[in-house]
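Taking it in order: structure first as structure tokens, then the write-up.
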Amino acid sequence: MTDQRTIVWHPSKITKEDRHRLNGHRGAVLWFTGLSGAGKSTLSVALESELYKYKVHSYVLDGDNIRLGLNNNLGFSPSERRENIRRVGEIAKLFADAGFLALSALISPYRKDRDMVRARFDSDEFIEIYVKCSLVECERRDPKGLYKRARRGEISEFTGISAPYEEPLSSELIIETDKMTVEASVKQIIDYLKKRKLI
């Protein structure tokens, strides 16, 4: 454990506002949460492509990608999930401070962990997007074959099967991917970002 008394935040001469002016838009995090197979990664990648057309700086922080690198030492126990979320939240904050829209696509099943990340941001910088999809549809899609393995008992602590998913109580956006196309879902987010004057 690091001795926090030996660490001091070193400020930059360039402020967050300076970076936002340079980019032509503010930074924020769009936190996509939902069950495995709900469409978080698909939606965030499609949104990134659309934002590129608007000349908006963005970057997808995909849960699997992060776990293949920075967080490859973490498992899926509640405490390890919390640490995974904390680390991704810190990365997202750096991107937002730099004037990017960080598109974080993680199951992040626990409300308290999502709230922990939200608390690190200014109130207008954190946008929780609940990618809502029925468990039945997520299992039907099962793009990685994980639900089948979880049902066979090959994966422990699997969200929606042997571990809980706590639905958001007050997300900024709810995208029902079992009822909407990817294109319609992206449009709903773009419209929201325009309304919030983020793009």
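Here the structure is a predicted model, which is why all the values come from computation and not from measurement.
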Between [X] (side chain) and [Y] (backbone), is there a donor-acceptor pair under 3.5 Å?
X      : Y      : answer
Tyr54  : Ile190 : no
Asn84  : Leu74  : no
Thr177 : Ala38  : yes
Asp62  : Ile66  : no
Asp97  : Leu94  : no
Ser171 : Ile174 : no
Asp178 : Ser134 : yes
Arg86  : Val117 : no
Glu176 : Lys132 : no

Under a single-linkage definition using a 4.5 Å side-chain heavy-atom cutoff for Ile, Leu, Val, Met, Phe, Trp and Tyr, are [X] and [Y] assigned to the same hydrophobic cluster?
X      : Y      : value
Val131 : Val60  : yes
Val182 : Ile129 : yes
Met116 : Val29  : yes
Tyr130 : Leu173 : no

| said: Quick check on the 6.0 Å ring-centre criterion: do His57 and His25 meet it? | reply: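 Close enough - the centres of the two rings lie under 6.0 Å apart.
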
| query | Can we call the ring centroids of Phe158 and Phe76 under 6.0 Å apart? | reply |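 Ring-ring flag for Phe158/Phe76: false, centres at least 6.0 Å apart.
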
Any side-chain heavy atom of [X] within less than 4.5 Å of one from [Y]?
X      : Y      : value
Leu43  : Phe32  : yes
Leu61  : Ile91  : yes
Arg19  : Ile14  : yes
Tyr147 : Leu135 : yes
Cys133 : Lys179 : no

Nearest heavy-atom pair of [X] and [Y]: which atoms, and what distance?
X      : Y      : answer
Leu193 : Leu51  : CD1-CD2, 4.1 Å
Pro168 : Glu128 : CB-OE1, 3.2 Å
Ser156 : Ser162 : C-OG, 3.9 Å
Arg81  : Asp113 : C-OD2, 4.4 Å
Arg87  : Asn71  : CD-OD1, 2.9 Å
Glu167 : Arg114 : C-NH2, 3.7 Å

| task | To the nearest 0.5 Å, tell me how far Ser185 OG sits from Ile175 CD1. | result |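 With rounding to 0.5 Å, OG (Ser185) is 5.5 Å from CD1 (Ile175).
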
Are [X] and [Y] within salt-bridge range, i.e. N to O under 4.0 Å?
X      : Y      : answer
Arg141 : Glu137 : yes
Lys195 : Asp191 : no
Glu50  : Lys53  : yes
Asp64  : Arg67  : no

Can I get a per-line list of side-chain donor-acceptor pairs under 3.5 Å for residues 100-108, giving both atom names and the distance, sequence neighbours left out?
from   : atom 1 : to     : atom 2 : distance (Å)
Ser108 : OG     : Trp31  : NE1    : 3.0
Ser108 : OG     : Thr33  : OG1    : 3.4
Ser108 : OG     : Leu106 : O      : 3.1

| Will you find, in the side chains of Ser77 and Glu80, an N or O donor that is under 3.5 Å from an N or O acceptor? |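 There is such a pair (donor and acceptor under 3.5 Å, judged by atom type) between the side chains of Ser77 and Glu80.
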
| message | Suppose we screen for ring pair (Phe, Tyr, Trp, His ring centres under 6.0 Å). Which residues come up paired with Tyr192, at least two apart in sequence or across chains? | response |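 Scan of Tyr192 (ring pair (Phe, Tyr, Trp, His ring centres under 6.0 Å), adjacent residues dropped) gives none.
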
| Taking the hydrophobic residues Ile, Leu, Val, Met, Phe, Trp and Tyr, and joining any pair whose side-chain heavy atoms are under 4.5 Å apart, which ones share a cluster with Tyr110? |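 Answer for Tyr110: none, a lone residue.
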
| In this structure, which one of Arg26, Lys16, Arg120, Arg118 forms a salt bridge (charged side-chain N to carboxylate O under 4.0 Å, His left out) with Glu125? |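 Between Glu125 and the candidates, salt bridge (charged side-chain N to carboxylate O under 4.0 Å, His left out) is satisfied uniquely by Lys16.
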
| request: Can you label the angle between the Phe121 ring and the Phe126 ring as parallel, tilted or perpendicular, going by 30° and 60°? | output: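 Tilted.
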
